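Here the structure is laid out as structure tokens; the discussion comes afterwards.
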2 protein chains.
Amino acid sequence: MAAAALENTKETIAMRVVDALRDDIITMALKPGDVISESDIAGRYGVSRQPVREAFIRLAQQGLLLIRPKRATVVKKISPLGVRQSRFIRESIEVEIIRRVAGQPSDDAADVLTKLIADQEAASDAGDSRRFHTLDELFHRTLARLAGVEYAWQLIDDHKMQLDRVRYLTLGVSSTQRAIAEHKQIVEAVARADAAAAETAMRAHLARAELLLNQTISDFPDYFE
Amino acid sequence: MAAAALENTKETIAMRVVDALRDDIITMALKPGDVISESDIAGRYGVSRQPVREAFIRLAQQGLLLIRPKRATVVKKISPLGVRQSRFIRESIEVEIIRRVAGQPSDDAADVLTKLIADQEAASDAGDSRRFHTLDELFHRTLARLAGVEYAWQLIDDHKMQLDRVRYLTLGVSSTQRAIAEHKQIVEAVARADAAAAETAMRAHLARAELLLNQTISDFPDYFE
DNA sequence: GCCGACATGCTTCCATACAAGATCGGCATT
DNA sequence: AATGCCGATCTTGTATGGAAGCATGTCGGC
């Protein structure tokens with residue numbers, strides 16, 4: 001396990017426990033299939049069972065924990081079906097976003113995106129895959145903002161967590177160079193206001209995740225259902 | 001308020017409270033802006049505060065309640081922005097779905113959909129708007145199943161609840177005849193395997209919700225932010 | 001040797017008591 | 001009369017004890 005101290009940032013203990021556990025789950029410090037209990041976590045963080053229990057409820061609703069009443073609570077294994085359907089949702093939305101952005105092109109849209117790609121190249125050259133990941137997410141979030149639906153991006157954050165766990169497992173595997181090249185293609189199409197090309201490029205970009213998923217399933221079979 | 005007795009179907013008390021409260025909220029028995037408290041609801045259902053509190057947490061995560069720590073808990077007012085972004089998500093997904101269904105037409109797909117429309121006409125003639133609503137939802141869910149993404153439909157159920165509250169307010173206003181006509185257009189396009197026409201029809205169908213939303217906001221201004 | 005009843009130790013679930021922040025009213029002071 | 005203090009009384013947050021269900025391993029019967 002990771003730290004035994006809670007960040008003192010959030011208001012309530014329950015919220016701090018939520019943040020700590022979610023981080024442990026996404027970073028695989030708590031592995032899919034691991035069994036945890038209220039008193040276990042409570043003792044580990046030096047708090048009572050009640051806030052831990054409420055944290056469990058929140059994380060269970062986010063699909064990260066599975067509470068089996070009167071039995072136990074386990075870190076939910078990653079569901080390939082769930083991941084694929086989450087990808088379907090994400091692809092549907094991102095395609096719609098890229099159409100809008102390419103359809104109503106603003107002057108600085110391409111500039112902002114180009115600058116983000118430059119940052120990604122810097123992170124890639126430095127071998128900082130964690131920062132690359134963050135910038136990659138920012139790239140897609142920026143597209144949502146340019147389309148005027150940034151709030152919608154927050155709405156699907158819960159579903160994205162399933163994808164994030166898979167992505168964390170692929171940090172060393174995925175080719176950052178290839179992702180950067182695909183981002184460039186998308187921006188180029190947006191700059192030309194070519195919605196069809198932008199959509200095609202976006203679908204191709206997201207399709208690579210399917211290969212990564214299959215690779216990950218065979219690399220870590222125990223983490224999947 | 002509505003019933004003071006909990007259905008004895010679900011496993012735990014907390015789950016029963018969740019179901020009861022959610023139903024009261026969607027059917028506007030609990031109105032947006034209403035202030036409730038744990039002990040209030042607990043006394044009303046004859047249970048302790050604890051399961052009620054857990055129900056509050058779940059409903060807050062679903063966007064139906066707003067817990068203000070140490071202050072109170074209120075039934076969340078409907079956010080027009082949130083509704084529009086939920087609609088954006090839904091439209092993105094449904095367009096993708098209708099493309100797939102129209103793209104890979106199965107023989108009985110049109111038959112199943114046609115039968116559903118017939119049921120809707122029957123409900124409309126009988127003036128049973130509640131049943132019409134249920135069938136309408138089934139129509140769209142069936143499309144998701146035909147596209148092979150029924151599970152994704154469940155994933156966005158949480159967001160749909162925002163739309164459901166608005167829809168409940170429009171039960172007497174919306175034109176069932178018009179909705180049926182639009183459904184027929186969609187099915188016709190699917191039967192002809194005309195993906196472009198199906199997409200256009202679906203967008204038009206969903207666009208009507210924007211008008212209903214604006215109408216509802218002016219009819220019930222107190223229910224919105 | 002095999003199989004089932006049962007005790008034991010786990011878990012989550014619920015109830016209750018207390019703690020701590022927030023609100024609102026009365027009341028003293030200015 | 002206006003204003004600021006302060007306490008009664010709400011609220012949600014946390015702690016703890018016990019109840020109920022489930023899994024497991026032991027022991028007795030066959």
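None of these values were measured; they are calculated from a predicted model. Chain identifiers are assigned alphabetically (A, B, ...) following the order of the sequence lines, protein sequences preceding nucleic acid strands; residue numbering begins at 1 within each chain.
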By ring-ring contact (aromatic ring centres under 6.0 Å, His included), A:Tyr168 pairs with (sequence neighbours left out) none
Any side-chain heavy-atom pair of A:Leu143 and A:Met202 under 4.5 Å: yes
5' to 3', nucleotides 10-17 of chain D under a 4.0 Å protein heavy-atom cut-off (B base, S sugar-phosphate only, - none) gives -BBBBBBB
Output yes when A:Arg84 and A:Glu210 qualify as a salt bridge under the 4.0 Å nitrogen-oxygen rule, no when they do not. yes
Exercise for the section: Decide, yes or no, whether a salt bridge links A:Arg22 with A:Asp19 under the criterion of side-chain N to carboxylate O below 4.0 Å. Expected result: yes
Note to self: Less than 4.5 Å apart, side chain to side chain, heavy atoms only: is that true for A:Asp219 and A:Leu169?
What the structure shows: no
dist B:Ile93:CD1 -> A:Glu91:CD (nearest 0.5 Å) comes out at 11.5 Å
To the nearest 10 degrees, the angle between the two end axes of the helix from C:dG1-D:dC30 to C:dT30-D:dA1 (five pairs per end) comes to 10°
Sorted by chain and number, sequence neighbours left out, ring-ring contact (aromatic ring centres under 6.0 Å, His included) with B:Phe88 holds for none
- A:Leu163 vs A:Val83 side-chain heavy atoms within contact, under 4.5 Å: yes
At a 4.0 Å cut-off to heavy atoms of chain B, the contacted part of DNA chain C spans C:dC13 to C:dT23
Practice prompt. Answer yes or no: is there a side-chain heavy-atom contact under 4.5 Å between A:Val95 and A:Leu206?
Written response: no
Those residues at least two apart in sequence (or on a different chain) that pass side chain to side chain donor-acceptor pair (under 3.5 Å) with B:Asp136 are B:Arg167, B:His183
